[in-house]
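Step one of this worksheet: look at the structure below.
Bear in mind that the values here come from a model prediction, so they are computed numbers and not experimental data. Throughout, protein chains are lettered first and strands after them, A, B, ... in sequence-line order, and every chain is numbered starting at 1.
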Amino acid sequence: MTAIARQKFALVDVNAMYVSCDRAFDPRLRDRPVVTLSNNDGCVVARSNEAKALGVGMGVPWFQLRDLARQHGIVALSSNYALYADMSNRLVSVLREYSPRIEVYSIDESFLSLNGLEGQWPSFSAMGQAVRARIWRDVCLPVCYGAGDSKTLAKLANHIAKKRPEFAGVADLTVMPSGEMDQLLSSIDVGEVWGVGRRTATRLQAMGINTVQALRAASPKAIRAQFGVVMERTCDELRGRSCIELEEVAPAKQQIISSRSFGYTVQTLREIEEAISMFLARASEKLRAQGSRCGAVQVFVMTDRFAERDPQYCNAFTVPMPEPSDDLRMLARAALWGLKRIFRTGYRYKKAGVVLMDISGRNMQQATLFDSGVRRARSAEVMAALDGLNSRYGRDTVRLGSAAGSGRWTARFDRKTPNYTTDWGDLPIAR
DNA sequence: TCTGGGGTCCTAGGACCC
DNA sequence: TCTGGGGTCCTAGGACCC
């Protein structure tokens, strides 16, 4: 066993990314409660601090906020993803000037390796302040900066930088005296840890582990036994032992999804065909960008699950390609053929999409059929319907994934199913 | 009236083989 | 027919992230 050199990371994260991007171009939006809405102006996907202070939750449907918005003058903006992507690229190019090794983790977060940079700065806090000032000046985005001995600690530091005013947007855990660190981490809920979701947080709390500090102090063996290697790694990371590497090059995608809810329900095959063609253009562009080919194209449609009085229908069909392809026309032909197999007249369709599966170079064992994104429980009704389908079309043609347990319902498709078909036409939409 | 769109990883246990 | 061990592959399900 060789000694591992101490690693250091920073996480730079944009505050309320989408709102901040829009503010960069319209300073009148500063200091006002602002939210950014999802596609079709459906849900809140970003909130300014002022909006958060008014109690606006993440993912809340906009129509439920109308009154609150009127009362407090909340400004709602449609999302503009092209703008956000452009701003994100500018931000990353600035960050590259500060560290030679960067992982672009998401559109608004990047990890920086701090190894070997100690000599360049009086402290990492000083570096953080410099990064913040520079990004504000050149990209006009407010960021927070957190440094730690692992990516998990850097994430946590960033959380602290964001939530505790006394840190002024920069927190460095790499030099914090251990007593002070213990005290600080004792004041943070265990659920804030990267990798601890709602389910795990509940189970930890039942064991009396309520704070980050308590998780840090827990017995690794017990954690391993109860939660598996992932949580054990998280604990190691919290103790300052870095286990999660910086990923400078993003791995190729194993599946590529393109889907949208329609602004209005549509009823004709023609309309859905047009949408599917657009989805495929987007998806195949991503496929080619990563130099892959795909072996099967899946197409799915569904009605409006909230229109409880309308007849409900959702279905998917997966078409294997004669040979793996990245050609838009070939893929589109397959998808449109599949669409004809599942399209039924007499329904008002609300959502459709495509999934590129069986992508070359990645041996995917499972493909998510689609994720409805719904918070709902697995009902007895759904289970009964599933049983019916599975007995009719073959054992386990369709199954519901775990997400059901966590309140999200994911249907999964087994590609070993004959003809790659999953016909769950009778599956009712659960609540 | 109006309710987002993407992704990944781990593990237990059964099937199957020698 | 029974007993025994070692190993790999696959899949169903659970969880997490932005």
>> Side chain of K351(A) only, heavy atoms from C-beta on: which candidate in dT3(B), dG5(B), dG7(B) is closest?
In response: dG5(B)

>> Rounded to whole Å, how long is the line connecting atom NE2 of H159(A) with atom P of dC18(C)?
In response: 12 Å

> Tell me, what's DNA chain C's dot-bracket, Watson-Crick or G-U with both distances under 3.5 Å, | for other-strand, [ ] crossing?
Replying inline: ....||||||||||||||

>> Rounded to whole Å, how long is the line connecting atom OH of Y18(A) with atom C1' of dG5(B)?
In response: 9 Å

>> Using atom P in both nucleotides, what's the gap between dT3(B) and dC18(C) to the nearest angstrom?
In response: 26 Å

>> Please classify the nucleic acid contact of N40(A) as base, sugar-phosphate, or nothing, using heavy-atom distances under 4.0 Å.
In response: nothing

>> Measure CG/L287(A) against C1'/dG7(B) and give the value in whole Å, please.
In response: 16 Å

>> Categorize I256(A) for me: base, sugar-phosphate, or nothing, with a 4.0 angstrom heavy-atom threshold over every strand shown.
In response: sugar-phosphate

> Taking CD1 from I107(A) and P from dG7(B), how many angstroms apart are they, rounded to a whole number?
Replying inline: 13 Å

>> For the base of dC17(C) and the side-chain ring of W194(A), does the geometry meet a stacking cutoff of under 5.5 Å between centres and under 30° between planes?
In response: no

> S259(A) or G263(A): which one's nearest nucleotide on DNA chain B is closer to the 5' end?
Replying inline: G263(A)

>> Once you apply a heavy-atom cut-off of 4.0 Å, does T200(A) come out as touching a base, just sugar-phosphate, or nothing?
In response: sugar-phosphate

> Reckon R233(A) touches a base, only the sugar-phosphate, or nothing at all at heavy-atom distances under 4.0 Å?
Replying inline: sugar-phosphate

> Does E274(A) pair with R270(A) as a salt bridge, N-O distance under 4.0 Å?
Replying inline: yes

> Is there a side-chain polar atom (N or O) of Q254(A) under 4.0 Å from OP1 or OP2 of dC9(B)?
Replying inline: yes

> So is K151(A) actually on top of F111(A)'s ring, under 6.0 Å and inside 45° of the axis?
Replying inline: yes

>> Counting only side-chain heavy atoms from C-beta out, which of dT3(B), dG5(B), dC17(C) sits nearest to K155(A)?
In response: dC17(C)

Using residues 280-288 of chain A as the side-chain source, report each donor-acceptor pair under 3.5 Å to any protein atom, sequence neighbours left out, with the distance given to one decimal.
unit_1  : atom_1 : unit_2  : atom_2 : d
R282(A) : NE     : S258(A) : OG     : 3.3
S284(A) : OG     : L280(A) : O      : 2.9
S284(A) : OG     : A281(A) : O      : 3.3
S284(A) : OG     : R288(A) : NH1    : 3.2
R288(A) : NH1    : D326(A) : O      : 3.0

> Given dG7(B), dG4(B), dC17(C), which nucleotide is nearest the side-chain atoms of N39(A)?
Replying inline: dG4(B)

>> Counting only heavy atoms not in K52(A) (residues, nucleotides, ligands), do more than 12 fall under 6.0 Å from its NZ?
In response: yes

> Among dG5(B), dG6(B), dT3(B), which is the nearest nucleotide to the side chain of P61(A)?
Replying inline: dT3(B)

> So does K253(A) get a side-chain nitrogen or oxygen closer than 4.0 Å to the phosphate oxygens (OP1/OP2) of dT8(B)?
Replying inline: no

> Any salt bridge between D236(A) and R233(A), counting N to O under 4.0 Å?
Replying inline: no

>> How many whole angstroms separate atom CD of Q226(A) from atom C1' of dT11(B)?
In response: 15 Å

> How would you list, by chain and number, every residue that makes a ring pair (Phe, Tyr, Trp, His ring centres under 6.0 Å) with Y264(A), sequence neighbours excluded?
Replying inline: none

>> Rounded to whole Å, please give me the gap between CD in Q290(A) and P in dT8(B).
In response: 9 Å

>> Check K155(A) with E109(A), please: is the shortest side-chain N to carboxylate O separation under 4.0 Å?
In response: yes

> Across the strands shown, which category fits Q64(A) at heavy-atom distances under 4.0 angstrom: base, sugar-phosphate, nothing?
Replying inline: nothing

>> Students often get this wrong, so: under 4.0 angstrom with heavy atoms, is V44(A) touching a base, only sugar-phosphate, or nothing?
In response: nothing

> Side chain of R260(A): nearest nucleotide among dG5(B), dT3(B), dG7(B)?
Replying inline: dG5(B)

> Taking CG from L65(A) and P from dT3(B), how many angstroms apart are they, rounded to a whole number?
Replying inline: 14 Å

> In whole angstroms, how far is the C1' atom of dC18(C) from the CG atom of D13(A)?
Replying inline: 10 Å

> Can the ring centres of Y18(A) and Y81(A) be said to be less than 6.0 Å apart?
Replying inline: yes

>> By nearest heavy atom, map V229(A) and K350(A) onto DNA chain B; which one lands nearer the 5' end?
In response: K350(A)

> Between dG4(B), dC10(B), dT1(B), which one does the side chain of R66(A) approach most closely?
Replying inline: dT1(B)

>> Other residues, nucleotides and ligands only: do more than 12 of their heavy atoms fall within 6.0 Å of CD on E97(A)?
In response: yes

> What's the closest nucleotide to the S261(A) side chain, out of dC9(B), dG5(B), dT3(B)?
Replying inline: dG5(B)

